Amino acid sequence: MQAGIKTMKKNRLPFSAISIDEKKQETIHLDSKNISPDIGRQNTKRPISKKHTKSSTYQYSKKNYGQSRGNNRPFPNKNRYKNINENKISPPEEGVIRIIPLGGVEEIGKNMTAIEIGNDIIIIDAGMHFSNEDTPGVDYVIPNTTYLEKHKEKIRALIITHGHLDHIGGVPLVLSRIGNPPVYSRNLSILMMRKRQAEFPQLPTMKENIVKKDSVITCGKIKVKFFGVTHTIPDSMGIIIETKNGWIVTPGDYKLDQIDGIVSKEEEKEYSIFDRAKVLLLMTDSTNIENEGFSLPEIKVHQGLENLIKKIQGRIIIAAFASHITRLAHIVKAAEALGKKIAIDGRSMKTNIEVAIEAKLFTPKKGTIIPIEEANNYPPNKMVILMTGAQGEEFAALNRAANKSNAKFSLNKGDTIILSASIIPGNELQVQKMKDSLTRQGVKIISYRTPGEDFVHATGHGNQEDIKWLHRKTHPKFFIPIHGWHSMLVRHKELAMELGMSEENIVVPDNGSIIEISANGEKIIMRKEKAPSGLMMVDGISIGDTQDVVIRDRVMLAKDGMFVIIALVDQKTGKLKKSPDLISRGFVYLKENQELLRQVRLMIKKGIEDTAVKTNPVDLDYIKSNLGETISKFLYQKTAKRPLVIPVVLSI
């Protein structure tokens with residue numbers, strides 16, 4: 001069954017595709033007992049004249065409709081998905097530095113920024129984010145590459161700061177679209193990207209280049225060096241781009257290695273390169289800009305989890321982000337030291353543990369990690385199970401265990417579940433439902449909100465005090481806040497101004513903003529033109545930014561369903577040959593709305609025959625358009641719903 005579902009997803013046909021080709025006009029002879037809705041219109045035997053091609057789908061639109069139906073409102077006129085950019089973007093002038101955030105601002109995820117100096121472009125990160133309510137049915141979204149595709153001959157490198165999906169998830173597809181430039185990153189990140197690349201065997205092989213945190217490389221005429229940063233995944237690094245007017249610095253995702261606000265000697269040493277440096281521009285993470293104080297050190301989470309593993313007597317299930325490799329590695333080492341076995345459930349969790357072992361971040365003893373199917377073969381106090389699903393994801397391992405649909409593993413009364421992750425905004429309800437299902441099975445749940453318990457989670461991003469420390473340490477001339485929603489970027493701007501920066505030296509970008517630093521390094525501006533930044537959607541086997549009609553149809557179908565009319569018209573008389581067929585999906589239950597259907601059939605009969613009288617020969621397009629508009633309006637008046645109406649008018 002699951003395989004069937006996946007197959008359907010790859011070959012689904014958008015309802016907007018049920019249309020008639022205006023360019024092909026042919027006479028059709030039909031057997032009324034064997035009619036396909038895909039058959040086109042017949043020849044009207046009239047001269048073909050140019051006219052506006054109307055949509056084959058209709059939805060009633062009424063002024064102020066949204067006020068009476070809450071969130072169920074018509075789409076705005078502005079296209080939310082397609083890239084529309086009439087202004088031609090001229091190349092940067094000699095000596096000017098151009099910065100274009102192509103993802104990661106106005107949002108959390110799909111981070112990517114392009115730096116253009118002279119004839120060289122360097123790209124930093126190429127992430128992704130998963131589908132949301134704006135992109136129903138889409139697998140995931142990657143940064144828009146249109147600007148880069150037009151200038152691929154200038155691209156010298158893609159540099160990756162660390163191995164989280166919001167920074168590497170789009171790498172294979174982005175590389176294939178921009179000429180497959182060399183990729184530079186540290187060992188673990190390269191291994192993570194190699195795993196990601198293996199999912200796309202049809203794409204060109206990635207040109208891997210492993211660097212160390214103190215490496216220096218030259219990309220075209222641009223000199224680039226790196227520095228190590230603290231994050232929830234090892235081998236995270238910051239990037240320094242040298243220019244004649246100073247350094248461009250971005251640490252990627254980071255937090256400080258500190259205890260009670262005292263930064264470790266190792267961290268101080270790592271950042272000491274900025275003590276005497278001239279930093280022209282700082283671009284840095286805004287994710288936790290609204291959180292006061294320093295972020296909780298990861299060492300306290302390690303200690304908390306280790307204490308829980310020691311004192312809990314029964315079986316322990318720990319659900320965490322699969323990307324928190326440092327934490328997962330510590331859990332394995334702590335359990336192994338106590339003579340416990342580790343079982344792993346969840347594809348991404350298994351993959352990341354395998355990559356961490358391959359990278360020699362830790363080396364468990366033979367037999368420490370066992371298959372999940374063998375978990376019941378050991379005493380409960382000798383088992384620790386790592387699982388995906390802390391966010392209540394429908395098909396993740398923990399949620400399947402909660403719903404008793406996990407074929408490999410089942411919970412027992414007395415098990416303890418540790419949710420070693422905070423709840424991502426928007427996931428609260430699904431996490432709560434999962435916790436209810438878990439509790440019904442007699443398990444104990446410990447989360448980061450459980451009072452009196454040890455620390456079980458810490459963010460991987462710096463809070464306000466971490467951010468202030470970085471600003472003071474780098475003392476930049478210009479500043480661009482990145483990685484966050486617009487309100488977060490504005491708050492980050494305000495914080496920089498509180499630290500003494502001039503407002504005119506700070507630019508808050510949108511995706512696609514073109515920011516330039518003057519040739520003499522004295523001024524930063526945002527150009528009026530924007531690079532294309534519409535959603536680049538990966539939908540089954542298709543990738544592109546022109547699927548707005550498909551997405552609009554999905555949103556409308558999800559809200560009010562569809563109503564299909566199939567009418568057979570006599571070409572000579574213009575009258576119906578039979579009662580029209582009506583199909584409703586997600587709109588109304590036909591058996592309980594017979595009176596509505598009777599009225600609709602009468603309207604269709606009258607509408608077709610009245611229209612046919614006015615046209616000779618019969619104009620099927622005109623009939624279809626008239627039907628779509630009148631029936632959609634009638635259905636709204638009777639039901640206060642706006643289904644997608646698809647009229648199919650055939651003639652014999």
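Residue indices begin at 1 and follow the sequence shown. Since we're looking at a predicted model, the values are computed, not measured. Note that these values count all heavy atoms, side chains included, but never hydrogens, waters or copies made by symmetry.
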Of the non-hydrogen atoms in [X] and [Y], which two are nearest, and what is the gap between them?
X    : Y    : answer
L489 : E106 : CD1-N, 4.4 Å
V105 : P101 : CG2-CB, 4.1 Å
I142 : G170 : CG2-CA, 3.9 Å
L148 : M112 : CD1-CE, 3.8 Å
Q441 : A402 : NE2-O, 2.8 Å
A531 : I100 : CB-CG2, 4.0 Å

**Request:** Take atom NZ of K350 as the centre, draw a 6.0 Å sphere, and report whether it contains more than 12 heavy atoms from other residues, nucleotides or ligands.
**Result:** yes
**Item:** Atom NZ of K408 with >12 non-hydrogen neighbours under 6.0 angstrom
**Value:** no
If you define the side chain from C-beta out and look only at heavy atoms, does anything of [X] sit under 4.5 Å from [Y]?
X    : Y    : answer
Y140 : L165 : no
L582 : I565 : yes
F200 : M206 : no
Q599 : K638 : yes
T287 : M488 : no
T639 : L596 : yes
R491 : S286 : no
P643 : S632 : no

Roughly how far, to the nearest 0.5 Å, is the [atom2] atom of [Y] from the [atom1] atom of [X]?
X    : Y    : atom1 : atom2 : value
I317 : I385 : CD1   : CD1   : 5.0 Å
Q197 : L175 : CD    : CG    : 6.5 Å
K624 : I646 : NZ    : CD1   : 10.5 Å
I318 : I418 : CD1   : CD1   : 4.5 Å
N111 : I482 : CG    : CD1   : 7.0 Å
L602 : F634 : CG    : CZ    : 9.0 Å

**Message:** Under a plain distance cut-off of 3.5 Å, with no hydrogens placed, do N511 and N144 share a side-chain donor-acceptor pair?
**Reply:** no
Tell me whether [X] contacts the main-chain N or O of [Y] through its side chain, where contact means a donor paired with an acceptor under 3.5 Å.
X    : Y    : result
Q430 : Q391 : yes
E393 : L398 : no
R196 : G169 : yes
D415 : N412 : yes
N352 : A322 : yes
R601 : P580 : yes
S513 : D510 : yes
T439 : K435 : yes
E609 : K606 : no
S437 : K433 : yes

**Item:** Qualifying ring-ring contact (aromatic ring centres under 6.0 Å, His included) pairs, either residue in residues 577-621, two or more places apart
**Value:** F563-F587
**Message:** Restricting to side chain to side chain contact (heavy atoms under 4.5 Å, CB included), what partner residues turn up for S405, sequence neighbours left out?
**Reply:** R400, N403
**Request:** Go through the steps to decide whether L173 and M536 satisfy the test side chain to side chain contact (heavy atoms under 4.5 Å, CB included), and finish with yes or no.
**Result:** CA-CA 11 Å; L173 296 174; M536 192 75 77; over 6 Å; no
**Request:** Would you sort out whether I566 and L568 count as a side chain to side chain contact (heavy atoms under 4.5 Å, CB included), showing the intermediate values?
**Result:** CA-CA 7 Å; I566 303 176; L568 192 61; over 6 Å; no
**Message:** The test is side chain to side chain contact (heavy atoms under 4.5 Å, CB included); show your working for I108 and H129 and say whether it passes.
**Reply:** CA-CA 8 Å; I108 298 288; H129 71 61; over 6 Å; no
**Request:** Evaluate the criterion side chain to side chain contact (heavy atoms under 4.5 Å, CB included) for residue pair V600 and L635; output intermediate values, then yes/no.
**Result:** CA-CA 8 Å; V600 169; L635 293 177; 4.0 Å; yes
**Item:** Sidechain N-carboxylate O distance under 4.0 Å for E595, R598
**Value:** yes
